[in-house]
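Here is the naming used below: chain letters follow the sequence lines, and residue numbers restart at 1 for every chain. Just so it is clear, the model here is predicted, and its values are computed rather than measured.
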Amino acid sequence: MSKPVRVRFAPSPTGPLHIGGVRTALFNYLFAKKHNGTFILRIEDTDQNRYVEGAEDYIVESLNWCNIPFDEGPGKNEKFGPYRQSERKHLYKQYADELIASGNAYYAFDTAEALDAERKQHEANKETFIYNWHNRLNLNNSLSLSKEETQAKLDNGDDYVIRFKSPQDETLHLKDLIRGAIKIDTNILDDKVLFKSDGMPTYHLANIVDDHLMEISHVIRGEEWLPSLALHMQLYTAFGWDAPEFAHLPLILKPTGKGKLSKRDGDKLGFPVFPLEYTSPDGDISKGYKEEGYFADAVVNFLSFLGWNPGTEQELFNLDELISAFDLDRVNKAGARFDPDKIKWFNHHYMQEQNNDDLATTFQDNHSELNDIDVNYIAMCVGLVKERATFVSDFWGLTKFFFIAPENYDEKASKKAFKDETKDLMTKLISIVSNISDFDVETLQKEIKGWITGNDIGFGKVMMPLRLALVGALQGPDVFDIMYMIGKNETIKRLEKVISVL
RNA sequence: UGGAUGCUAGCUCAAUUGGAAGAGCGCCUGCCUCUCAAGCAGGAGGUUGUGAGUUCAAGUCUCAUGCAUCCAACCA
């Protein structure tokens with residue numbers, strides 16, 4: 001039917017990729033895969049002043065960690081390359097010149113200082129300075145100067161920028177896939193700089209040229225670009241090109257209060273706002289979801305619900321399910337509030353699907369106390385407690401009694417569990433345990449429960465102090481599982497110890 | 001200040017072309033149990049930001065207003 005779907009994620013390498021950027025990348029990826037299309041990574045590094053070393057690698061690593069790799073991009077399947085705008089520098093000037101030739105753009109020689117002064121003066125008069133039709137003839141450009149003067153300046157090598165000549169008294173009818181029809185009066189638009197004096201294009205020019213050259217079919221980007229849509233559509237018209245479809249995603253808002261989610265919110269409220277840990281050139285470290293123990297699938301699932309929902313009650317989606325369920329029609333318009341508790345909830349669910357051996361390996365790597373312990377044993381412990389864990393880092397607190405005997409007993413629990421007859425009961429229990437030769441869960445259960453019911457003792461009187469002896473607190477999985485795991489000798493040792501403090 | 005976009009439960013979001021306001025998370029209660037979670041079941045929670053208008057009928061359309069965000073760079 002229509003053109004093949006080609007979408008791009010076009011971040012600027014100015015630092016670590018924000019979690020909102022990951023969401024934008026994800027939606028592009030889902031849309032591409034849903035329509036058997038191509039997901040492209042393009043690096044928008046036209047601002048050399050803001051370039052940060054390592055940021056591009058960080059972006060690529062983040063996408064890979066999330067399992068949403070790009071199909072085309074720097075160093076990969078370069079059919080439409082290069083994919084770094086700095087390496088496409090030679091392409092842009094001719095297009096700017098083309099716009100000048102067609103009367104859609106003009107040279108401007110105003111210095112940054114002159115424009116700054118204008119802005120300040122307007123501000124003092126409580127006005128807004130806009131460089132456009134109403135004042136461009138009073139400023140220093142090829143429209144206000146004569147042809148000869150302009151040429152003389154160019155020949156002289158004066159610094160210049162190329163500005164778009166925004167039309168007067170027109171109404172633009174724009175279409176956004178998520179927001180519908182938008183009307184814009186061109187009189188309020190300004191003459192945006194398309195080409196900078198350093199020989200680089202601005203975002204606006206590079207973006208349109210590259211999207212055209214790379215045959216992008218759908219532009220899916222953040223809402224912060226919505227005000228630029230009018231300019232971009234006019235550029236397509238000026239070039240005589242077919243424009244792609246546009247979809248502007250809602251912003252991601254702070255968990256508390258109002259406002260856009262920022263790096264500071266993460267620092268303040270203690271959750272990451274970046275996919276991977278990031279160390280800035282200054283040495284500042286920002287937390288990452290990966291390093292904090294989140295599973296990539298959980299992060300992706302959570303992110304997919306920021307501004308989108310499937311219209312059903314299903315919340316748990318793997319990547320394939322997301323691809324088939326995703327639809328731009330179901331992306332909503334309002335800003336999405338970031339809820340750190342919800343992402344933990346997702347992580348807990350994904351924890352249950354993890355392989356115990358893999359979890360055990362990670363767990364062991366993170367705890368030197370476990371160095372000499374058989375990984376299979378650790379995996380069994382993990383299997384017993386993971387239903388109550390959200391992160392691998394929860395494991396130690398949940399399993400330490402499998403590896404080391406409790407040193408003391410929780411005070412409140414002791415009051416509840418230790419009674420006058422406890423000493424006698426525990427002593428008797430030791431002899432029962434000692435006599436069990438098949439030391440497995442079933443036998444333990446049968447023998448001990450049989451003893452309790454047979455003598456009408458009451459479960460709490462035995463089980464609570466027993467649990468306290470083994471764990472040190474009234475917590476943890478099934479008591480018989482614990483006994484089986486630590487073994488007969490250790491069980492008896494712990495019972496003897498608890499008797500000694502009674 | 002100007003323009004754009006948005007506003008439904010505490011939070012994330014639902015609600016064919018206008019046609020009885022719903023789910024999940026969180027919270028509370030119960031069940032389960034040797035404990036804490038998890039799990040299961042139930043419950044509370046809403047004048048759809050506010051005010052008008054059009055209509056037999058408005059969360060949905062129109063206008064006004066409030067609040068929030070984005071843009072208003074030779075940043076992206």
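Across U35(B), C74(B), U5(B), the shortest atom-to-atom separation from the side chain of Arg179(A) is found for U5(B). Minimum atom distance to the side chain of Arg337(A) is reached by U12(B), of the listed U12(B), C71(B), C34(B).
Arg221(A) comes within contact range of no nucleotide atom at all, as no heavy-atom separation falls under 4.0 Å. Contact annotation for Val161(A): base contact, defined as any heavy-atom pair under 4.0 Å involving a base atom. Nucleic acid contact for Glu387(A): base, since at least one base atom lies under 4.0 Å from a heavy atom of the residue. Nucleic acid contact for Thr202(A): sugar-phosphate only, since backbone atoms but no base atoms lie under 4.0 Å from a heavy atom of the residue. Within the nucleic acid shown, Gly335(A) comes within 4.0 Å of sugar-phosphate atoms alone, with no base atom in reach, counting heavy atoms only. If you check every strand for non-hydrogen atoms under 4.0 Å, Ile182(A) touches sugar and phosphate atoms only. Residue contacts for Gly307(A): at a heavy-atom cut-off of 4.0 Å it reaches the sugar-phosphate backbone alone, with no base atom in range. Leu306(A) comes within contact range of the sugar-phosphate backbone alone, with a heavy-atom separation under 4.0 Å but no base atom that close.
Contact annotation: Arg330(A) side-chain N/O to A15(B) OP1/OP2 distance is under 4.0 Å. A sub-4.0 Å separation between OP1 or OP2 of U12(B) and a side-chain N or O of Asn309(A) is absent. Here Lys196(A) reaches the OP1 or OP2 of A76(B): one of its side-chain N or O atoms lies under 4.0 Å away. One finds no side-chain N or O of Arg467(A) lying less than 4.0 angstrom from the OP1 or OP2 phosphate oxygen of C36(B). An OP1 or OP2 oxygen of C75(B) is reached within less than 4.0 angstrom by no side-chain nitrogen or oxygen of Thr46(A).
With a 6.0 Å cutoff to the six-membered ring centre and a 45° limit on the axis angle, Arg163(A) counts as a cation-pi contact of Tyr131(A). The side-chain tip of Arg330(A) does not point at the ring of Phe326(A) from less than 6.0 angstrom away and within 45° of straight on.
Judged by distance alone, the side chains of Asp440(A) and Thr443(A) do bring a donor and an acceptor atom under 3.5 Å apart. At a cut-off of 3.5 Å, with distance as the only test, a side-chain donor of His134(A) or Asn132(A) sits close to an acceptor on the other residue.
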Annotated structure of RNA chain B as dot-bracket, pair cut-off 3.5 Å, Watson-Crick or G-U only, | for inter-strand, is (((((((..((((.....[..)))).(((((.......))))).....(((((..]....))))))))))))....

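Distance OH (Tyr409(A)) to C1' (U35(B)): 16 Å, rounded to an integer number of Å. Summarising the geometry, the separation between CZ on Phe346(A) and P on C25(B) is reported as 10 Å, rounded to the nearest angstrom.
In terms of polar N and O atoms assigned as donor or acceptor, the side chain of Arg50(A) comes within less than 3.5 Å of the base of C75(B) in a complementary pairing. One N or O donor and one acceptor, one from the side chain of Asp478(A) and one from the base of C34(B), sit under 3.5 Å apart.
In this structure, Phe317(A) and Phe305(A) have tilted ring planes: the angle between them lies in the 30° to 60° band.
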